[in-house]
Amino acid sequence: AEYFPNFHFVVRDFVLALKKGERTLTPSQYLEEALNLVNTEAIDDDNRALQQRKQNKIRKSIRKCFPRRCGWVLPRPTGDEAKLRRLDDV
């Protein structure tokens, strides 16, 4: 893993709230929270538990292969909701 490049997680999501409870997170903190493993033993639905185990495998791989990670959030192209809906025309 020491030879892998840094992992940059870049998000452009207009409704994403970088929060955990009441605490505001930085983009990098949000990434680290997203890479936390989900306890699949507490899930009653077998299909959902299987899906979470698959996602945990991906999380583990990212954490193992990319020990240096950082998150970035791209700014909204406009603050005007009407313009945002018709961004192709703006």
Side-chain angles (χ1 to χ4, degrees):
E2 67 183 278
Y3 300 107
F4 279 89
N6 293 350
F7 183 84
H8 291 267
F9 178 72
V10 181
V11 178
R12 174 176 250 162
D13 186 335
F14 301 139
V15 295
L16 177 66
L18 297 177
K19 290 186 169 247
K20 182 171 184 176
E22 293 298 314
R23 190 180 74 160
T24 300
L25 302 173
T26 67
S28 292
Q29 290 170 327
Y30 182 84
L31 169 61
E32 294 306 316
E33 289 289 331
L35 292 176
N36 285 338
L37 301 180
V38 174
N39 179 6
T40 58
E41 293 179 14
I43 300 173
D44 294 333
D45 182 341
D46 289 340
N47 288 331
R48 190 162 164 255
L50 176 63
Q51 187 66 25
Q52 283 299 326
R53 282 194 292 277
K54 289 178 182 178
Q55 291 176 358
N56 277 346
K57 188 175 179 181
I58 294 168
R59 290 178 179 106
K60 286 179 189 176
S61 295
I62 291 172
R63 289 165 54 175
K64 180 180 177 187
C65 293
F66 300 98
R68 295 177 310 274
R69 303 176 289 272
C70 58
W72 305 91
V73 176
L74 299 175
R76 294 176 77 139
T78 179
D80 184 332
E81 291 295 324
K83 286 183 180 177
L84 192 57
R85 283 189 207 95
R86 48 183 193 79
L87 202 53
D88 290 341
D89 301 329
V90 175

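Sequence positions, counted from 1, serve as the residue numbers for this chain.
Taken from OH in Tyr30 to CG in Leu25, the straight-line distance is 9.0 Å, to the nearest 0.5 Å. Going from atom CD of Gln29 over to atom CZ of Arg23 covers 5.5 Å, rounded to the nearest 0.5 Å. Thr24 contributes atom OG1, which lies 8.5 Å from atom CG of Leu18 (distance to the nearest 0.5 angstrom). To the nearest 0.5 Å, the span separating SG on Cys70 from CD on Glu32 amounts to 10.0 Å. Expressed to the nearest 0.5 Å, how far CD of Gln55 lies from OG1 of Thr40 amounts to 11.5 Å.
When the side chains of ILVMFWY residues are joined at heavy-atom separations under 4.5 Å, either directly or via intervening members, Val73 and Val10 end up in two distinct hydrophobic clusters. Using a 4.5 Å cut-off between side-chain heavy atoms of Ile, Leu, Val, Met, Phe, Trp and Tyr, with links allowed through other members, Phe66 and Ile58 fall into the same hydrophobic cluster. Both Leu35 and Phe7 are assigned to one and the same hydrophobic cluster, defined by single-linkage of ILVMFWY side chains at heavy-atom distances under 4.5 Å.
Contact record, Ile43 with Asn39: CG1-O, 4.0 Å, taken as the closest heavy-atom pair. Gly71 approaches Ser28 most closely through the heavy-atom pair N-OG, 2.9 Å.
Shown are Arg53, Gln52, Arg59; of these, the side chain to side chain donor-acceptor pair (under 3.5 Å) with Asn56 is made only by Arg59.
The environment of NZ in Lys19 is crowded: more than 12 heavy-atom neighbours from other residues, nucleotides or ligands sit within 6.0 Å.
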Given side chain to side chain contact (heavy atoms under 4.5 Å, CB included), test Arg63 with Leu37 step by step and report yes or no.
CA-CA 10 Å; Arg63 289 165 54 175; Leu37 301 180; 3.8 Å; yes

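Although no hydrogens or angles enter the test, the distance criterion places no donor-acceptor pair under 3.5 Å between the side chain of Arg69 and the main chain of Phe9.
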